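So the structure is just underneath, and the comments pick up after that.
It should be emphasised that the depicted structure is a prediction, and the values quoted were computed from it without experimental measurement.
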Amino acid sequence: MDFGTTISRAFNIVLQHRVLWILGFLASLTSGVSSTGNSLNVPGGTFTPANPSGELPPEIQRLIEQLTADPGVGIGALAGLLCAVLLLGLVLWIISIIAQGALIGGVRQIEEASSTSFGQAWSVGVNRFWPLLGLSLILLLPGLALVGLFVLLFGSTLILLIAAATSGDESAAATATGNVIALVCGVGILGCIGLLYTIIASALQTFGERAIVLENKGVVDGIGRGWEVLRSNLGNIILLALLLFVINLIVGFVISIVSGLLFAPTLIAALVGAGSKGGGGSALALSIITLLLVTIIGAIIAALFAAFSSTVWTLAYRQFTGASGVAAAEPASPAPLPTA
């Protein structure tokens, strides 16, 4: 596999087709800010509130008094907020699944027709939504089971530790200590299994999604096809993943330095204003604006890297399966020997 050609081709595709930027942003909605975006931490300490006396604004004080007088209102508001957050998370998850399918389909359209549009790519994600959703759920369930078992073992270990510490019986303490050691070993083994499954599930997710979108596979067939591609090209996949990881680190490091140099004067001015009398309000507003700018830049970088990474893996998958013509290219047949 020609890693340089694949990465440069993916870079050019993302650079020339800005619709992939939007799809990358939508695809990364529920994945959190990537490590590139996480590197954009706001330097500096905690800002002083606008009110130097430390008293809360009257509006907030009235709200606290109302919630204290009627706890049912607070519980209802908390339950409503929780439902709204869960609903929003579900909607964003659905959008991200469709956008991921659209990214894969859009790259294929660019490779085969030299162009794509948001509507064309999005229709691919919508058409393949249910198999993509099924793939995500199937790969998620074992992970949830491992997390539940890990929590159970960790809780049991903690209870035994407390019992051993508070017990006055030496034999009971010795027995509890032995059980704690066994549970700690079990938790460690389970953690290693969970880490290994996370890596395998991530690879199956990557190649299973492309089997579903590019080869029109179902959920089970997509997982099988993804495993086949993973097993047959394991060395190239590991090297490509390491290259993307290094690129991610380099981009994150550079952006962190640049953002720090750009926003350091603003943050210093905000800190100075916060320490001066009457400057708390302007300092708070300036800090909020700075934080919003950093967040926006982080979201843009996360979207670009999501589009770039997805494009790299789509191009690689097409090479692994021979769909791009790179891996499928066969040597030309030798010319026939001249006859007398």
Side-chain angles (χ1 to χ4, degrees), residues 1-29 31 33-37 39 96-118 120-122 124-125 128 132 202-215 225-226 229-230 232-255 298-329:
M1 178 180 180
D2 191 342
F3 297 102
T5 301
T6 301
I7 291 177
S8 62
R9 174 62 178 159
F11 179 79
N12 291 329
I13 287 176
V14 173
L15 188 64
Q16 296 172 8
H17 299 84
R18 293 179 178 82
V19 65
L20 300 180
W21 304 5
I22 302 174
L23 294 175
F25 171 75
L26 296 176
S28 59
L29 284 177
S31 61
V33 180
S34 66
S35 56
T36 302
S39 64
S96 68
I97 291 176
I98 297 176
Q100 185 58 49
L103 266 176
I104 299 171
V107 172
R108 179 182 61 182
Q109 292 167 355
I110 292 171
E111 286 287 274
E112 295 178 354
S114 301
S115 65
T116 188
S117 65
F118 182 86
Q120 291 173 332
W122 189 258
V124 175
R128 305 305 297 159
L132 291 173
S202 177
L204 289 178
Q205 180 89 27
T206 298
F207 297 110
E209 287 174 343
R210 280 148 185 84
I212 289 173
V213 175
L214 301 179
E215 301 184 24
R225 180 60 167 163
V229 173
L230 174 64
S232 303
N233 304 274
L234 185 59
N236 287 328
I237 290 171
I238 292 176
L239 291 176
L240 186 57
L242 290 176
L243 282 174
L244 288 176
F245 178 74
V246 171
I247 292 173
N248 193 9
L249 287 181
I250 294 174
V251 172
F253 179 73
V254 172
I255 295 301
I300 293 174
I301 294 173
L304 290 175
F305 192 81
F308 170 74
S309 178
S310 178
T311 302
V312 168
W313 287 118
T314 300
L315 296 178
Y317 184 91
R318 286 171 58 86
Q319 291 185 37
F320 294 151
T321 59
S324 64
V326 176

Kindly give the heavy-atom pair with the smallest separation between [X] and [Y], and that separation in Å.
{"X": "Gly106", "Y": "Ala121", "answer": "CA-CB, 4.0 Å"}
{"X": "Phe207", "Y": "Gly226", "answer": "CB-CA, 3.7 Å"}
{"X": "Leu304", "Y": "Val14", "answer": "O-CG1, 4.5 Å"}
{"X": "Gly101", "Y": "Leu132", "answer": "CA-CD1, 3.8 Å"}
{"X": "Gln100", "Y": "Ser310", "answer": "NE2-OG, 3.1 Å"}
{"X": "Ala316", "Y": "Leu240", "answer": "CB-CD2, 3.7 Å"}

Does some side-chain heavy atom of [Y] sit less than 4.5 Å from a side-chain heavy atom of [X]?
{"X": "Ile300", "Y": "Phe25", "value": "no"}
{"X": "Phe3", "Y": "Asn236", "value": "yes"}
{"X": "Leu26", "Y": "Ile98", "value": "no"}

**Message:** side-chain contact (heavy atoms from CB on, under 4.5 Å), that's the test. Do Trp313 and Glu209 meet it? Break it down for me.
**Reply:** CA-CA 11 Å; Trp313 287 118; Glu209 287 174 343; over 6 Å; no
Nearest 0.5 Å, what's the [atom1]-[atom2] distance between [X] and [Y]?
{"X": "Ile110", "Y": "Leu20", "atom1": "CD1", "atom2": "CG", "result": "4.5 Å"}
{"X": "Leu239", "Y": "Leu244", "atom1": "CG", "atom2": "CG", "result": "11.0 Å"}
{"X": "Glu111", "Y": "Thr311", "atom1": "CD", "atom2": "OG1", "result": "9.5 Å"}
{"X": "Phe320", "Y": "Tyr317", "atom1": "CZ", "atom2": "OH", "result": "10.5 Å"}
{"X": "Phe253", "Y": "Leu249", "atom1": "CZ", "atom2": "CG", "result": "10.5 Å"}
{"X": "Thr321", "Y": "Arg225", "atom1": "OG1", "atom2": "CZ", "result": "6.0 Å"}

**Request:** Would you check, one step at a time, whether the test side-chain contact (heavy atoms from CB on, under 4.5 Å) holds for Val124 with Gln109?
**Result:** CA-CA 10 Å; Val124 175; Gln109 292 167 355; 3.4 Å; yes
**Asked** So does Glu215 pair up with Arg318, basic N to acidic O under 4.0 Å?
**Response** no
**Prompt:** Is a side-chain donor or acceptor of Arg210 paired with a backbone partner of Ile104 at a separation under 3.5 angstrom?
**Reply:**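 No; judged by distance alone, with no hydrogens or angles, the pair does not exist.
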**Message:** For Ala306, is there any backbone N or O sitting under 3.5 Å from a side-chain donor or acceptor partner on Ser309?
**Reply:** no
**Residue pair Val107, His17: steps toward the side-chain contact (heavy atoms from CB on, under 4.5 Å) verdict** = CA-CA 10 Å; Val107 172; His17 299 84; over 6 Å; no
**Message:** For the CZ atom on Phe245, are there more than 12 heavy atoms of other groups (residues, nucleotides or ligands in this structure) within a distance under 6.0 Å?
**Reply:**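 Atom CZ in Phe245 is not packed in, count stays at 12 or less.
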**Prompt:** Among Val246, Ile247, Asn248, whose side chain to side chain contact (heavy atoms under 4.5 Å, CB included) with Ile250 holds?
**Reply:** Val246
**Asked** Which one of Leu214, Leu103, Leu315 satisfies the side chain to side chain contact (heavy atoms under 4.5 Å, CB included) criterion with Arg108?
**Response** Leu214
**Prompt:** Excluding sequence neighbours, so at least two apart, what forms side-chain contact (heavy atoms from CB on, under 4.5 Å) with Asn12?
**Reply:** Gln16
**Request:** Would you please name every residue forming a ring pair (Phe, Tyr, Trp, His ring centres under 6.0 Å) with Phe118, sequence neighbours left out?
**Result:** Trp122
**Asked** In this structure, which one of Thr314, Thr6, Thr5, Asn233 forms a side-chain hydrogen bond (donor to acceptor under 3.5 Å, both in side chains) with Gln319?
**Response**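 Of the listed options, the one satisfying the test is Thr6.
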